[in-house]
Amino acid sequence: MPTHEPTALEIALKKERLAAYARVRGGYSVPLAGAVYWLGLGVLGYVTDLVGWAQIAFPATGIIFPLAVFFGWALKNPWLKDKTATTSLMAPVFISMLLFWVFIVAAINEAPALIPLLLAVGMSFHWPAIGWSYGRTALFTAHAVVRALLCLYIFMAHPEHRLTWLPFSVAAVYLVTVIAIYVDSGAAARRLASQSAA
């Protein structure tokens with residue numbers, strides 16, 4: 001089987017992607033905001049039913065971005081200001097992810113019990129592409145896959161905990177991912193610094 005030799009453009013693009021990942025520490029402020037959102041939904045699940053949960057969960061998705069911006073500012077993690085050759089990818093990636101709302105709207109009337117699962121998995125559709133933009137496809141894809149499988153397990157095996165354990169599990173995956181991104185991006189930054197010094 002012939003092997004693909006990367007072109008000069010591919011090599012340069014990968015180098016830029018990794019440099020951006022190191023510069024902004026993988027944008028860890030964004031998944032940190034996601035963790036806060038899902039922790040809140042887990043707490044909410046103990047005090048309301050599915051209708052009340054959904055009525056808060058849907059509009060509250062709008063706080064994730066401002067919260068990520070705030071965390072970026074507070075933690076000196078300037079992910080939003082960083083521009084690279086892959087920045088223009090973000091708009092189509094997020095538009096693709098937001099299409100999952102079609103299923104949410106359909107589920108409201110046809111299968112409301114599916115709403116927590118659809119929200120939990122649908123909001124992770126962009127993770128593999130974001131990972132690619134940082135040169136870390138495997139790490140970011142692992143987040144999406146683990147999250148989907150864990151949510152499906154809780155949804156199927158513990159239906160009475162769909163509004164509590166399920167969002168808490170998403171928050172836990174987020175927090176583990178934040179730690180993994182922070183550690184890995186720090187290691188990437190050190191490697192790039194040593195290569196520059198050599």
Yes or no on side chain to side chain contact (heavy atoms under 4.5 Å, CB included) for Val30 and Phe71, after CA distance, side-chain angles and deciding distance? CA-CA 8 Å; Val30 181; Phe71 283 149; over 6 Å; no

Report yes if some heavy atom in the side chain of Thr164 is under 4.5 Å from a heavy atom in the side chain of Leu41; otherwise report no. no

Is a donor on one side and an acceptor on the other found under 3.5 Å between the side chain of Trp79 and the backbone of Ala68? yes

To the nearest 0.5 Å, tell me how far Glu10 CD sits from Lys15 NZ. 16.0 Å

Please tell me whether Tyr21 and Ile179 are part of a single hydrophobic cluster in this structure, the criterion being side-chain heavy atoms less than 4.5 Å apart. no

Supply the atom-to-atom distance Ser29 OG to Leu75 CG, rounded to the nearest 0.5 angstrom. 5.0 Å

Hey, does Leu163 have a side-chain heavy atom less than 4.5 Å from the side chain of Leu50? yes

Applying the ring pair (Phe, Tyr, Trp, His ring centres under 6.0 Å) criterion to Phe58, which one of Trp101, Tyr37, Trp53 satisfies it? Trp101

For Ala19 and Leu192 the tightest heavy-atom approach is CA-CD1, 3.7 Å

So, Ser124 side chain and Trp127 main chain: donor-acceptor pair closer than 3.5 Å or not? no

Closest non-hydrogen atoms of Ile64 and Gly34, given as atom of the first, atom of the second and distance, are CG2-N, 4.3 Å

Closest non-hydrogen atom pair, Ile115 against Ala54: CG2-CB, 4.4 Å

Evaluate the side-chain proximity of Val24 to Tyr134: yes if any heavy-atom separation is below 4.5 Å, no if none is. yes

side-chain contact (heavy atoms from CB on, under 4.5 Å) partner of Arg147, the single match among Leu152, Val170, Val121: Val170

Counting C-beta onward and ignoring hydrogens, is there a side-chain heavy-atom pair between Thr84 and Arg17 closer than 4.5 Å? no

So for atom CD, which belongs to Glu110, do other residues, nucleotides or ligands contribute more than 12 heavy atoms lying within a distance under 6.0 Å? no

Using 0.5 Å steps for rounding, measure from the CG atom of Leu117 to the CD1 atom of Ile104. 9.0 Å

Check: Leu80 and Phe65 side chains under 4.5 Å, non-hydrogen atoms: yes

Is the shortest side-chain heavy-atom distance between Gln55 and Thr48 below 4.5 Å? no

With the 4.5 Å side-chain cut-off for hydrophobic clustering, are Val102 and Leu114 part of the same group? no

Are there more than 12 heavy atoms of other residues, nucleotides or ligands under 6.0 Å from atom CZ of Phe168? yes

Nearest-0.5 Å distance that lies between atom CZ in Phe140 and atom CH2 in Trp132: 13.5 Å

Specify the closest pair of heavy atoms between Cys151 and Ser169, including all atoms of both residues, with the distance to one decimal. SG-OG, 3.9 Å

Checking side chain to side chain contact (heavy atoms under 4.5 Å, CB included) for the pair Tyr174/Leu39: CA distance, chi angles, key distance, verdict? CA-CA 10 Å; Tyr174 264 121; Leu39 281 171; over 6 Å; no

Do Val93 and Phe125 make a side-chain contact, defined as non-hydrogen atoms from C-beta onward lying under 4.5 Å apart? no

Would you give the length of the straight line joining atom OG1 of Thr177 to atom CG of Leu32, rounded to the nearest 0.5 angstrom? 11.5 Å

Mind checking whether His161 and Trp165 have parallel, tilted or perpendicular rings, split at 30° and 60°? parallel

Count I, L, V, M, F, W, Y as connected when their side-chain heavy atoms are under 4.5 Å apart, and connections chain through other members. Are Trp73 and Val69 then in the same cluster? yes

To check you understand the geometry: which heavy-atom pair defines the closest contact between Ala35 and Ala171, and what is its length? O-CB, 3.7 Å

Spell out, yes or no, whether Leu67 and Trp38 are grouped together once hydrophobic residues are joined by side-chain heavy atoms under 4.5 Å, including indirect joins. yes

Identify whether Met90 and Leu99 are in the same connected component of the hydrophobic contact network (ILVMFWY, side-chain heavy atoms under 4.5 Å). no

What heavy-atom pair brings Met123 and Met97 nearest, and what distance separates the two atoms? CA-SD, 4.1 Å

Crowding at CZ, Phe103 (>12 non-hydrogen neighbours, <6.0 Å): no

Indicate yes or no: at least one non-hydrogen side-chain atom of Arg136 is less than 4.5 angstrom from one of Ser185. no

Rounded to the nearest 0.5 Å, what separates atom CZ in Arg23 from atom CG in Leu18? 11.0 Å

